[in-house]
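One structure is given below, encoded as structure tokens.
Keep in mind that what you see is a predicted model, and the values were worked out from it rather than measured. All residue numbers in this chain count up from 1 along the given sequence. Note that ligands are numbered from 1 as they come in the structure, with each ligand's atoms numbered from 1 the same way.
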Amino acid sequence: MSRKALIAANWKMYKTPAEALAFVDAFLPLIAGHTRDEIALFPSVTSLATVVKAVEGSGVIAGLQNMHFAEDGAYTGETSAAMLKAVGATHTLIGHSERRQYFNETDEIVNKKLHTALKHGIVPVVCIGELLHEREAGHTAQVLLTQLKGALAGISAAAAHTLVIAYEPVWAIGTGKTATPEMAVEAHMIIRAELANILGSHVAKATRILYGGSVKPENATALLGEEEIDGALVGGASLKPDSFAAIVHY
Ligand code: 13P
């Protein structure tokens, strides 16, 4: 089964709406007519509506970096699924390591968010990955399995058909240290095998597993050339139109 790659930009806490618009204006001509891969932008919440409008008709996807699991309520500073959809966005990241690290997001919270996203027809990109000391202790597989099982608790195969997983080794995020293609492939195979255990082999074969962690134009070809790597979640190198376009054209 061939999976269409998804090349996604996670802008984190960068870019005002004006800066996001300038990016899209410069970026769209660079990827015009590119149909091999899906392309997604995950701007900050204040730039989301601007980006949705700016990419209209281009085929580029816009999504949120984080979404609350509740339908609504007294959750100061949070954004709901309905709010995401109301501005025309279609995707959300869930459980990024920075959310886990700085905002105490647990596997249980990730699981609740995933249930909410799927219920609302929002495409979820669930991020998992090991810390450096976990890799060095030989615990990578165990960490990935725990995070994956936690995220997918109570999710049916039928509900999971839009699921995307992003493997982001925490030690490779923003550090300039990239997993080698071999390391990424090994992790992706562990993830896919567990997806088959939990959701069945049909879903496991169809689910895209992205790699994230210091993806740059210089290493994109080697990583994305691997059959097991179904796209990239790009931080720093997605902030400039030319470098993100170069990754899209790997
Ligand atoms: P960098 O590409 O800056 O390492 O960030 C990766 C990431 O966290 C994407 O979600």
- prompt: atom 2 (O) of ligand 1: which protein heavy atom is closest, and how many Å away?
  reply: Gly235 N, 2.9 Å
Distance-only donor-acceptor check, side chains Asn197 and Lys149, under 3.5 Å: no
Charged N-O contact under 4.0 Å between Arg135 and Glu130: yes
Qualifying residue for side-chain contact (heavy atoms from CB on, under 4.5 Å) with Phe244, from Val234, Leu30, Leu239, Ile31: Val234
statement: Nearest non-hydrogen protein atom to atom 7 (C) of ligand 1, with distance, is Glu168 OE2, 3.2 Å
task: Just jot down the ligand 1 atoms closer than 4.0 angstrom to any heavy atom of Ala172, in number order.
output: 4 (O)
- request: Give me the one residue out of Thr146, Leu199, Leu144, Leu148 that meets side-chain contact (heavy atoms from CB on, under 4.5 Å) with Glu194.
  value: Leu148
task: Check whether any side-chain N or O of Asp230 sits under 3.5 Å from a backbone N or O of Arg3 as a donor-acceptor pair, and report yes or no.
output: no
query: Can you find an N or O of Gly212 that's nearer than 3.5 Å to an N or O of ligand 1?
result: no
- prompt: What is the closest protein heavy atom to atom 3 (O) of ligand 1, and at what distance does it sit?
  reply: Gly236 N, 2.8 Å
- prompt: Would you say the side-chain atoms of His120 and Glu71 include a donor-acceptor pair closer than 3.5 Å?
  reply: yes
- prompt: Gly176 near ligand 1, heavy-atom distance under 4.0 Å?
  reply: no
query: What distance separates Leu93 CG from Glu168 CD, expressed to the nearest 0.5 Å?
result: 8.0 Å
query: Are His96 and Gln65 linked by a side-chain donor-acceptor pair shorter than 3.5 Å?
result: no
- prompt: What part of Ala166 sits under 4.0 Å from ligand 1 if we count only heavy atoms: the side chain, the backbone, both or neither?
  reply: neither
field: Contact (N/O only, under 3.5 Å) between Gly174 and ligand 1
entry: yes
message: With the threshold set at under 4.0 angstrom, would you say Lys216 reaches ligand 1 through any of its heavy atoms?
response: no
- request: Among all protein heavy atoms, pick out the one at the shortest distance from atom 5 (O) of ligand 1; state its residue, atom name and that distance to 0.1 Å.
  value: Lys12 NZ, 3.2 Å
- prompt: Any non-hydrogen atom of Ser214 lying under 4.0 Å from ligand 1?
  reply: yes
message: Once you restrict to heavy atoms under 4.0 Å, what part of Asn10 touches ligand 1? Side chain, backbone, both or neither.
response: side chain
